[in-house]
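Contents: one structure, followed by commentary.
When a ligand or atom number is given, it counts from 1 through the structure's own listing order.
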Amino acid sequence: MNWQAIVENIENATGAAFKLINAKSLAGGDINSAYCLQGVDKSYFVKLNRAESVEMFASEAAGLTELAATSTVRTPSPVVHGISAANAFLVLEYIEFGSSSKTSDRLFGQQLALLHQQQQPYFGWHRDNTIGSTPQPNSSNGDWIEFWCTHRLQHQLQLAAAKGYGGRLQASGEQLCEKLTQFFDNYQPHPSLLHGDLWGGNAAIDKQGNPVIFDPACYYGDKQADLAMTELFGGFSQDFYATYRDTCPIDTGYTTRKKLYNLYHILNHLNLFGSGYLSQAENIISSLLSEIR
Ligand code: ADP
């Protein structure tokens, strides 16, 4: 990798000299390769992918900017993104992570609830983005059920069909889409700013004890969609949920709705990582269909 070109991009964006000492490869990303560019008194976090992925990085930078503007949960500041030779790159502020504590978890629940209080008049976002490397359409819509049906479930079902996961999954998925209104009896979602991909691997605590969220797939949607994902792969503590609930109370219908929301991520995992997720997706759909008329 020609790090000099990335260093020049950093220097042009920040207007400050940056002398690279070491480029350290980091583990943990599902989609991109990640590095810490260590300088004398400053470091940067860099993600690399193929040149075609530059729009993915542009939307990630836009998402981080949107989240930062709320002054709720800490996010790494975007520095610069672009293409260098065969690579798309995204440079962010490098944040050193520490360990979580009861206090930091409680703060995280409270800050996420405050993020979810940031609302706009319609569901969606001003631009499309990606979730993992899957395209995520965000066309604006005043109707959440229609948005979830078209831009989330049917979108992933169509991608799955194109990858050969048609048949039963498609038929039961369509059946579910026709009945979505039944999951929203006595519940009126509002368009809240969401992280959009909030599993434990996209959240951490910095050295000062502040929660940090990164790698977002932002849009404005039902806050319970973000909350549901925190429960999908574990990683969030009871202290986190306790303070979240203090600010954003959770209705009883959430228990079922959470399955509907996490179905999107399981379908996305099917599309990203393959058939290991097929039976899980089918089981969630069956379970949801069994709960309605
Ligand atoms: P991917 O897009 O490939 O999933 P992530 O954005 O999740 O990559 O980043 C990969 C890993 O790098 C994360 O799990 C996290 O540990 C670390 N990381 C992410 N952002 C930063 C940052 N700004 N500073 C330091 N480490 C980071």
| request: State whether a side-chain donor-acceptor pair under 3.5 Å links Asp251 with Gln224. | output: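 Present: a donor and an acceptor within the cut-off.
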| query | Between Phe57 and His81, is the ring centre distance below 6.0 Å? | reply |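 Between His81 and Phe57, which both carry aromatic rings, the centre distance is not below 6.0 Å.
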Can an N or O of [X] be found at a distance shorter than 3.5 Å from an N or O of ligand 1?
{"X": "Asn32", "result": "yes"}
{"X": "Phe45", "result": "no"}
{"X": "Tyr94", "result": "no"}
{"X": "Leu92", "result": "no"}

| task | Check whether any side-chain heavy atom of Tyr244 sits under 4.5 Å from a side-chain heavy atom of Ile250, and report yes or no. | result |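 SC-SC contact between Tyr244 and Ile250 confirmed.
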| query | Are Ile205 and Leu107 side-chain neighbours, meaning at least one heavy-atom pair lies under 4.5 Å? | reply | no
| request: State plainly whether the residues Lys47 and Asp215 are in salt-bridge range, i.e. N to O under 4.0 Å. | output: yes
| query | Within a radius of less than 6.0 Å around CG of Asp185, do more than 12 heavy atoms belonging to other residues, nucleotides or ligands occur? | reply | yes
| said: Just checking Arg127: does its CZ atom have more than 12 heavy atoms from other residues, nucleotides or ligands closer to it than 6.0 angstrom? | reply: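 More than 12 heavy atoms, drawn from other residues, nucleotides or ligands, come within 6.0 Å of this atom.
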Looking only at protein heavy atoms, which one is nearest to [atom], and how far off is it?
{"atom": "atom 13 (C) of ligand 1", "value": "Phe214 CE1, 3.7 Å"}
{"atom": "atom 23 (N) of ligand 1", "value": "Glu93 O, 2.9 Å"}
{"atom": "atom 7 (O) of ligand 1", "value": "Asp215 OD2, 3.3 Å"}
{"atom": "atom 6 (O) of ligand 1", "value": "Lys47 NZ, 2.7 Å"}
{"atom": "atom 16 (O) of ligand 1", "value": "Phe97 CE1, 3.9 Å"}
{"atom": "atom 11 (C) of ligand 1", "value": "Ala27 O, 3.9 Å"}
{"atom": "atom 24 (N) of ligand 1", "value": "Ile95 N, 2.9 Å"}

| Which atoms of ligand 1 are found less than 4.0 Å from any heavy atom of Pro76? | 23 (N)
| request: State the atoms of ligand 1, each with its element, that fall below the 4.0 Å cut-off from a heavy-atom position in Asn202. | output: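 Atoms satisfying the 4.0 Å criterion: 7 (O).
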| request: Using the six-membered ring wherever Trp is involved, compare the ring planes of Trp144 and Phe147 and label them parallel, tilted or perpendicular (cut-offs 30° and 60°). | output: parallel
| Parallel, tilted or perpendicular, as decided by the 30° and 60° cut-offs, for the rings of Tyr35 and Trp3 | perpendicular
| said: Could you tell me if Lys42 sits above the aromatic ring of Tyr44, with its cationic atom closer than 6.0 Å to the ring centre and no more than 45 degrees from the axis? | reply: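 Flagged: Lys42 positioned over aromatic ring of Tyr44.
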| field | Glu96 and ligand 1 - part of the residue with a heavy-atom distance under 4.0 Å | value |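 No part of Glu96 is near ligand 1 at this cut-off.
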| Counting heavy atoms only, which of Cys36, Ala203, Gly201, Ala204 is nearest atom 14 (O) of ligand 1? | Gly201
